[in-house]
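Scroll down for the structure; my scribbles are underneath it.
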Amino acid sequence: MKQWLSIAAISFAIMFASCVKDEYKRSYTYYRPVYKTKQQVRNEVQSSLPRTIGTAGKLFYKDGYVFLNELEKGVHIIDIKNPSQPKVVSFVAIPGCVDLAVRGNILYADLTTDLIAIDISNPLQVKVTQVLEGVFPHRYYNEFRADTSRVIIDWVRVDTSVWNTEHVSWGLEEKQFFAMTSDSYSSASGTVTNGVGGSMARFALSDDRLYTVSSSDLKLFNTSVPEKPSYIKQVNIGSWSIETIFPYGSNLFIGSQTGMFIYDISNKDNPTYLSKFEHARVCDPVVADSKYAYITLRSGSACGGFTNQVDIVNIEKLTSPYLVKSYSLTHPLGLAVDRNYLLICDDTEGLRIMDASDPSAVKQIGQLKGFTSYDVIALGGLGLVSAQNGLYLVDYSNPANPALLSTVAYSK
């Protein structure tokens, strides 16, 4: 009898287990690309009244104005002639824009895969003066390379849920998330002057040439007639991890995840490789003066590595750069050099001001905290700091006691 009951109990348990079902909801998040034709994208390039600043990117300065990129959307023009009362003047819609530069009254920007020249003499009524088509082929997303007549101008987040009924085991994780993301000094020629870019720039102006970098090459454009730039050629750098470009004098300093490349542009249409200073694989913006290059190295998922420091590199002999000394930091990003001072964006630590008059004994003399910093342009006592939540205008004329003059806030 007991044996029969045991068998019956086991049979019932098996039958119950085979019939148990559970209805549960799976939640998914993904990003769907938004396409437009190239002509539709070009037709959207226009200026408008100021609008809320969202996800800010690179910045550029020219004649009392800051040109602040909003990633993939366009450029905000901000009047900072009175640094205590900055005023957003207009917004120039440029779909797919990530990088920019300004020469004279002409704004250069990437319009997805094209280079576009825009007359900004009147910021509220800008005019397109030239489009060089397809000069940035690396801006095509690899997954969609087959159709080059359309470009991705945005990504739309889609949240969806699906009810499932199936055999499950208790303790099932209910939500799964999937995301698709894209990898996210100037001189004068005649009466036309160039502006100043930040250290995170991929566009650089030197004399009447525009130099741009992708992850592996250097491109040259003739801007002697600013409103009608023309493509010259491409120079392969021999690396697949180029990040930034910085012009100083007759040289270009190109930052990559594995080191700094130095090119001579005395012959401006034929850049000549001089040397490479190698370092651990990390993210790497660079700036320079006549004797030293200053490189911030930071760890991160995109760059790998575990190094967070600033390297001081002697470049008096450009063909043989060598490390003077490294200084540990928290998580440094953009930087600028002004005479004997280094201005370093150190992520959540804000802006650090370092005395670099003795490269072998660099020391911090001032710091402005309370914001997460990204990049900086130094203008002889006025620092333009692109931060996570706003554009910060900082008076560092007294380097030991930098003061915040004003902020242009971004939306959250």
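Keep in mind that this is a model prediction, so the values were computed, not measured. Values reported hereafter were calculated over all heavy atoms of this structure, with side chains retained and with hydrogens, waters and symmetry mates removed.
Pairing each heavy atom of Ile315 with each of Pro321, the nearest pair is CG2-CB, 4.2 Å. Nearest heavy-atom pair across Tyr410 and Ser386 is OH-OG, 3.8 Å. Here the shortest heavy-atom pairing between Thr330 and Asp346 reads N-OD2, 3.1 Å. For Ala201 against Asp99, the heavy-atom pair with the smallest separation is C-OD1, 4.3 Å. Val394 and Pro402 get closest at one heavy-atom pair: CG1-CB, 4.0 Å. Summarising the geometry of Pro285 relative to Ser199, their closest heavy-atom pair is CB-O, 3.7 Å, with the distance given to 0.1 Å.
Side-chain contact between Leu111 and Pro95 is present, with heavy atoms from C-beta onward closer than 4.5 Å. Taking 4.5 Å as the limit, every side-chain heavy atom of Arg352 sits out of range of all side-chain heavy atoms of Val310. The closest side-chain heavy-atom distance from Ile237 to Tyr273 is not below 4.5 Å. Between Phe253 and Leu318 the shortest side-chain heavy-atom distance falls below 4.5 Å. Within the 4.5 Å cutoff, the side chain of Ile118 has heavy atoms near those of the Ile94 side chain. In this structure the side chain of Tyr327 reaches within 4.5 angstrom of the side chain of Ile312, judged on heavy atoms. A 4.5 Å side-chain heavy-atom check between Asp208 and Lys268 finds at least one atom pair inside the cut-off. Counting only heavy atoms from C-beta outward, the side chains of Phe221 and Val135 approach each other to under 4.5 Å.
Counting only distance, with no hydrogens or angles, the side chain of Tyr396 and the backbone of Gly381 share a donor-acceptor pair below 3.5 Å. For the pair Ser406 (side chain) and Pro86 (backbone), a donor-acceptor distance under 3.5 Å is absent. Formation of a donor-acceptor pair under 3.5 Å by the Ser373 side chain with backbone atoms of Gly350 is found in this model. Without hydrogens or angle criteria, Ser215 side chain to Ser241 main chain gives no donor-acceptor distance under 3.5 Å. Side chain of Asn222 to backbone of Ser230: no donor-acceptor contact under 3.5 angstrom is found. Remark: the backbone N or O of Ala356 is not paired with any side-chain donor or acceptor of Asn340 at under 3.5 angstrom. Judged purely by atom type and a 3.5 angstrom limit, Asn69 uses its side chain to pair as donor or acceptor with the backbone of Gly74. Between the side chain of Asp110 and the backbone N or O of Val98 there is at least one donor-acceptor pair closer than 3.5 Å. Checking side-chain atoms of Ser256 against main-chain N and O of Gly259 turns up a donor-acceptor pair under 3.5 Å. With hydrogens and angles disregarded, no donor-acceptor distance shorter than 3.5 Å links the side chain of Thr407 to the backbone of Leu391.
Note that CE of Met354 and CG of Leu343 are 10.5 Å apart. Values are rounded to the nearest 0.5 Å. Going from atom OG1 of Thr272 over to atom CD1 of Ile262 covers 13.0 Å, rounded to the nearest 0.5 Å. Rounding to the nearest 0.5 angstrom, the gap separating the CD1 atom in Ile242 from the OG1 atom in Thr212 is 12.0 Å. Rounded to the nearest 0.5 angstrom, Tyr294 OH and Leu342 CG are separated by 5.5 Å. If you take OG on Ser90 and NZ on Lys87, they are separated by 11.0 Å, rounding to the nearest 0.5 Å. Taking CG from Leu124 and CD from Gln46, the interatomic distance works out to 12.0 Å, rounded to the nearest 0.5 Å.
The aromatic rings of Tyr65 and Phe67 lie tilted to each other, with the angle between the two planes from 30° to 60°.
Remark: Lys58 does not engage Asp375 in a salt bridge, criterion side-chain N to carboxylate O under 4.0 Å.
The side-chain hydrogen bond (donor to acceptor under 3.5 Å, both in side chains) analysis of residues 121-130, with sequence neighbours excluded, yields the pairs Asp119-Ser121. Within the structure, the salt bridge (Lys or Arg N to Asp or Glu O under 4.0 Å) test picks out the following pairs touching residues 363-372 (sequence neighbours left out): Glu349-Lys369. Pairs of residues two or more places apart, or lying in two chains, never qualify as salt bridge (Lys or Arg N to Asp or Glu O under 4.0 Å) while including a residue from residues 312-321.
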Working note: Phe261 + Ile245, criterion side chain to side chain contact (heavy atoms under 4.5 Å, CB included); need CA distance, chi angles, decisive distance, verdict.
CA-CA 9 Å; Phe261 296 86; Ile245 182 171; over 6 Å; no

Asp311 and Phe277: CA distance, side-chain angles, deciding distance, side chain to side chain contact (heavy atoms under 4.5 Å, CB included) verdict
CA-CA 11 Å; Asp311 284 354; Phe277 170 78; 4.1 Å; yes

For a side chain to side chain contact (heavy atoms under 4.5 Å, CB included) check, start with the C-alpha distance between Thr55 and Lys73, then their side-chain angles and the critical distance, and finish with the verdict.
CA-CA 9 Å; Thr55 306; Lys73 304 290 186 183; over 6 Å; no

Show, in sequence, the C-alpha distance, side-chain angles and deciding distance for Arg298 and Leu333, and conclude whether the side chain to side chain contact (heavy atoms under 4.5 Å, CB included) test is met.
CA-CA 7 Å; Arg298 72 184 186 279; Leu333 291 101; 3.8 Å; yes

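In this structure, Lys233 places its NZ atom where more than 12 heavy-atom neighbours from other residues, nucleotides or ligands lie under 6.0 Å away.
Every side chain to side chain contact (heavy atoms under 4.5 Å, CB included) that Pro83 has, sequence neighbours left out, goes to Leu382, Leu393, Leu405. Take Lys219 and apply the side chain to side chain donor-acceptor pair (under 3.5 Å) test, not counting sequence neighbours, and it matches Asp217, Gln234. Ser397 pairs by the side chain to side chain donor-acceptor pair (under 3.5 Å) definition with Asp395, not counting sequence neighbours.
Under the 6.0 Å cut-off for aromatic ring centres, Tyr392 and Phe371 qualify, their centroids lying closer than that.
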